[in-house]
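Notes follow the structure.
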Amino acid sequence: MNTIIKLIITAVVAYLLPNVLSGVHVTTFSAAIIFAIVLGLLNLFVKPILHLFSFPITLLTLGLFSLVINAIIILLADHFTDGIQIDGFWWALIFSIVLSIITSVLESIFINKE
């Protein structure tokens, strides 16, 4: 049940963020749901591999390279999802930071820890 709630929270935030960020475009809520599913799958399978290969540079940058990995994952999800367009790397970086912050806050409110 928590996974479904996380998915819905991510989809809602991804659907509403283009109102604030002009470099991100989402056409429909169903596109946002598909984006959230693709993003979850990429975070599950691809992100650990990227973290493993980029560990030395992440260590040198004191963890800041993880933000770049998040932006790459967002761009990959954009590539695999119709109905979502991100205008470039910097918009993906900003989108990933804002998406992470807002979803973390909302998940702490709506998801039961028990």
Atom CZ of F89: over 12 foreign heavy atoms under 6.0 Å: yes

Work out which heavy atom in T81 is nearest to a heavy atom in A31; give both atom names and the distance. CG2-O, 3.8 Å

Rounded to the nearest 0.5 Å, how far apart are CD1 of I102 and CD1 of I97? 12.0 Å

Can you tell which of I111, I5, V13, V12 makes a side chain to side chain contact (heavy atoms under 4.5 Å, CB included) with L106? V13

Taking the side chain as everything from C-beta on, heavy atoms only, tell me whether I73 gets closer than 4.5 Å to L50. yes

Counting C-beta onward and ignoring hydrogens, is there a side-chain heavy-atom pair between S54 and I69 closer than 4.5 Å? yes

Shortest non-hydrogen separation from A14 to L99 and the atoms involved: N-CD1, 4.0 Å

Enclosure of K6 NZ (heavy-atom neighbours >12, cutoff 6.0 Å): no

Side chains of T103 and T10: does their closest heavy-atom pair fall under 4.5 Å? yes

Heavy-atom side-chain proximity of I84 to T27 below 4.5 angstrom: no

Side-chain contact test, heavy atoms from C-beta onward, threshold under 4.5 Å: evaluate it for I34 versus F80 and give yes or no. no

On a heavy-atom basis, which atom in S104 and which in S100 lie closest, and how many Å separate them? OG-O, 2.7 Å

Is there a path of hydrophobic side-chain contacts, each under 4.5 Å between heavy atoms of I/L/V/M/F/W/Y residues, joining L64 to W90? yes

Supply the atom-to-atom distance I86 CD1 to I94 CD1, rounded to the nearest 0.5 angstrom. 11.0 Å

Beyond-backbone contact of N112 with M1, side-chain heavy atoms, under 4.5 angstrom: no

Using side-chain heavy atoms (C-beta onward) and a distance below 4.5 Å, is V26 in contact with F35? no

For the NZ atom of K47 and the CG atom of L42, what is their distance to the nearest 0.5 Å? 10.5 Å

Nearest-0.5 Å distance, CD1 of residue I72 to CG of residue L93: 10.0 Å

Using every non-hydrogen atom in the two residues, find where S22 and D87 come nearest and quote the distance to one decimal. O-OD2, 4.0 Å

Check the surroundings of atom CZ in F29: do more than 12 heavy atoms from other residues, nucleotides or ligands lie under 6.0 Å from it? yes

With side chains defined as the heavy atoms from C-beta onward, is the minimum distance between I33 and Y15 less than 4.5 Å? no

Value for OG1 (T3) from CD1 (I8), rounded to nearest 0.5 Å, stands at 11.0 Å

When you look at CG of N43, are more than 12 heavy atoms from neighbouring residues, nucleotides or ligands closer to it than 6.0 Å? yes

Is there a continuous path of hydrophobic side-chain contacts, each under 4.5 Å between heavy atoms, that joins I49 to L41? no

Measuring from D78:CG to F95:CZ, what's the distance to the nearest 0.5 Å? 9.0 Å

Looking at every non-hydrogen atom in both residues, tell me the closest pair between A11 and A36 and how far apart they are. N-CB, 3.9 Å

With the 4.5 Å side-chain cut-off for hydrophobic clustering, are L52 and I57 part of the same group? no

Nearest non-hydrogen partners of S96 and I74, listed with the distance: CB-CG1, 3.6 Å

In terms of hydrophobic clusters joined by side-chain contacts under 4.5 Å, are V68 and L60 together? no

Are F65 and L62 linked, directly or through other ILVMFWY residues, by side chains that come within less than 4.5 angstrom of each other? no

